[in-house]
Amino acid sequence: VSDGDDSRPPTADWRPSRAKQDWFAEPPLRGFQQRVQTTKVCYRKESCAQRIEVVDSVPFGRMLVLDGAVQTTERDEFIYHEMLVHPALLCHPDPRQVLLIGGGDGGALRRILQHPVSTVTMVELDSQVVEVSQRYLPSVGGTAILDHRASLLIEDGVEFVKHCDLKLDAVIVDSTDPVGPAKALFAEEFYRSVHRILADDGVFVTQSGSPLLMPAELHETYHNLRQVFPVVRLYLTPVPSYPGTLWSFTFASKGRDPLGVEPGVIRQRLSDRAISPHFYTSELHFGAFALPSFVEEALKGGRPIDLLA
Ligand code: SAM
């Protein structure tokens, strides 16, 4: 795959079947593109839902790519998964019943199982993402999927939630970006279904994309959640393998507030649960919610944040 030519311009449409290709780039977004050097294409197949690729890269090790978009990488998965899961589950004193939607690579499931949960139901659309991740990226999910507390259902998360009659302590959405089958996971109607199945003291969190490159989608997600939940809080973290690096998550609940917990309580829960994260800290728990003022203003107002316009 490698021809070692660093001078070539980045390609808009990466095709791993071309033997000389040695750079991967997601399709350009709003005139922006970042690329990584690759050394090997390990897997490439169309599943029922998407094109699945596994590629070895120089900066991030092995990467899982769905429909041309990086989902997770061996070297920075810990940032995304810890920051998706820990802020929400550590602001809950006793998260027992958890629903995870998406998350086929297993990284979110592994972090959820570090908490004192009784059951985690993972509802993933595509069984091949689960199989390919276990085979090619075993360090991301570890053996989480084999844990007796975890059960995997292969179906659409939107449909599952619509017909679900559980009462849950936490619902976590680790999905692809809001296109195709994931689009409905960001809609107000889905959030109303989540509200129905969430316990009164339950917590919800979703990945909500790049504030720089997907401002309209982020704005819509935030405002759709505000239509349904009284507490909605956006937070940010860097994920180097994602386009633009800066990434957002949105927390929502019927009353529980991640900023309403004492720092000492967060530290105590981390210690009681014997969790030793590599990125998340009790200080970052609060720091990540401190937003740049242009983001705050845009969330308060009626328009998306658009730094690049
Ligand atoms: N960390 C990643 C990111 O932010 O891009 C997400 C990784 S995880 C692999 C995303 C998963 O969401 C995929 O495996 C995809 O099949 C799943 N997914 C997308 N839409 C879904 C839906 N409606 N129901 C259940 N799973 C869905």
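Ligands are counted one by one from 1 in listed order, and the atoms in each one are counted from 1 as well.
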Practice item. Identify, by atom number and element, the atoms of ligand 1 in contact range of Asp105, meaning under 4.0 Å from any of its heavy atoms. Key: 7 (C), 8 (S), 9 (C)
Check your understanding: What is the nearest protein non-hydrogen atom to atom 22 (C) of ligand 1, stated with its residue, atom name and distance?
Key -> Leu185 CD1, 3.7 Å
Review point. Backbone, side chain, both or neither: what part of Thr72 comes under 4.0 angstrom of ligand 1, heavy atoms only?
Key: neither
Exercise for review: Quick one: look up the protein heavy atom nearest atom 10 (C) of ligand 1 and list residue, atom name and how far away it is.
Suggested key: Asp174 O, 3.4 Å
Practice item. Provide, to 0.1 Å, the distance between atom 24 (N) of ligand 1 and the closest protein heavy atom, together with that atom's residue and name. Key: Gly157 N, 2.9 Å
Review point. If you count the atoms of ligand 1 from 1 in the order shown, which ones are under 4.0 Å from a heavy atom of Leu66?
Key: 13 (C), 14 (O)
**Study point:** Residue selection (non-hydrogen contact nearest atom 23 (N) of ligand 1) among Gly209, Pro181, Gly102
**Key:** Pro181
Check your understanding: For atom CZ of Arg226, is the number of surrounding heavy atoms from other residues, nucleotides or ligands below 6.0 Å larger than 12?
Key -> no
Exercise for review: Apply the test side-chain contact (heavy atoms from CB on, under 4.5 Å) to residues Ile112 and Ile172: give CA-CA distance (whole Å), side-chain angles for both, the deciding distance (0.1 Å), then the verdict.
Suggested key: CA-CA 9 Å; Ile112 292 169; Ile172 296 177; 3.8 Å; yes
**Study point:** Non-hydrogen side-chain atoms of Phe60 and Val70 separated by less than 4.5 Å
**Key:** no
Practice item. Using side chain to side chain donor-acceptor pair (under 3.5 Å) as the criterion, point out the one residue from Arg62, Gln37, Lys40 that pairs with Asp56. Key: Arg62
Practice item. Quick one: look at Leu125 and ligand 1, take heavy-atom pairs under 4.0 Å, and tell me if it's side chain, backbone, both or neither. Key: both
Point to revise | Sub-4.0 Å atoms of ligand 1 with respect to non-hydrogen atoms of Val123 | key: 25 (C), 26 (N)
Practice item. Classify the side-chain pair Thr250/Thr206 by whether it contains a donor and acceptor separated by less than 3.5 Å. Key: no
Practice item. For Asp126, take its heavy atoms, then give the atoms of ligand 1 lying under 4.0 Å from any of them. Key: 16 (O)
Revision key, fill the gap. If you scan protein heavy atoms around atom 15 (C) of ligand 1, the nearest is Glu124 OE2, 3.3 Å
Exercise for review: Could you tell me whether Lys183 atom NZ has more than 12 heavy atoms of other residues or ligands within 6.0 Å of it?
Suggested key: no
Review point. What residue and atom, counting heavy atoms only, is the protein's closest point to atom 19 (C) of ligand 1, and at what distance?
Key: Thr176 OG1, 3.2 Å
Check your understanding: Just by distance, with hydrogens left out, do Glu82 and His86 show a side-chain donor and acceptor under 3.5 Å apart?
Key -> no
Exercise for review: Please indicate whether Arg135 has more than 12 foreign heavy atoms, meaning atoms of other residues, nucleotides or ligands, lying under 6.0 Å from its CZ.
Suggested key: no
Exercise for review: Kindly assign one of parallel, tilted or perpendicular to the pair Phe289 and Tyr235, based on the angle between their ring planes and the thresholds 30° and 60°.
Suggested key: tilted
Practice item. Under 4.0 Å, heavy atoms only, figure out whether ligand 1 is touched by the backbone of Asp177, its side chain, both or neither. Key: neither
Exercise for review: For ligand 1, find out whether one of its N or O atoms is nearer than 3.5 Å to an N or O atom of Trp247.
Suggested key: no
Point to revise | Closest to atom 12 (O) of ligand 1 among Ser208, Gly180, Ser175, Ser47 (heavy-atom distance) | key: Ser175
Check your understanding: Just wondering, are more than 12 heavy atoms of other shown residues or ligands nearer than 6.0 Å to NZ in Lys167?
Key -> yes
Study note, to complete from the structure: Numbered in order shown, the ligand 1 atoms found under 4.0 Å of a heavy atom of Gly103 are 8 (S), 11 (C)
Exercise for review: Taking the side chain as every heavy atom from C-beta outward, state whether Leu64 and Tyr136 have any atom pair closer than 4.5 Å.
Suggested key: no
Exercise for review: Under 4.0 Å, heavy atoms only, figure out whether ligand 1 is touched by the backbone of Gln71, its side chain, both or neither.
Suggested key: both
Check your understanding: Non-hydrogen atoms of Gln50 versus ligand 1: any pair closer than 4.0 Å?
Key -> yes
Review point. Any side-chain donor paired with an acceptor under 3.5 Å for Asn224 and Glu189?
Key: no
Check your understanding: Taking the six-membered ring for Trp, are the ring centroids of Phe279 and Tyr80 within less than 6.0 Å of each other?
Key -> no
Practice item. Give the atoms of ligand 1, by number and element, whose distance to some non-hydrogen atom of Asp156 is under 4.0 Å. Key: 22 (C), 23 (N), 24 (N)
Check your understanding: In the protein, which heavy atom is nearest to atom 4 (O) of ligand 1, and how far is it?
Key -> Tyr80 OH, 3.2 Å
Check your understanding: When you measure from atom 3 (C) of ligand 1 to every protein heavy atom, which one gives the shortest distance, and what is it?
Key -> Tyr242 OH, 3.4 Å
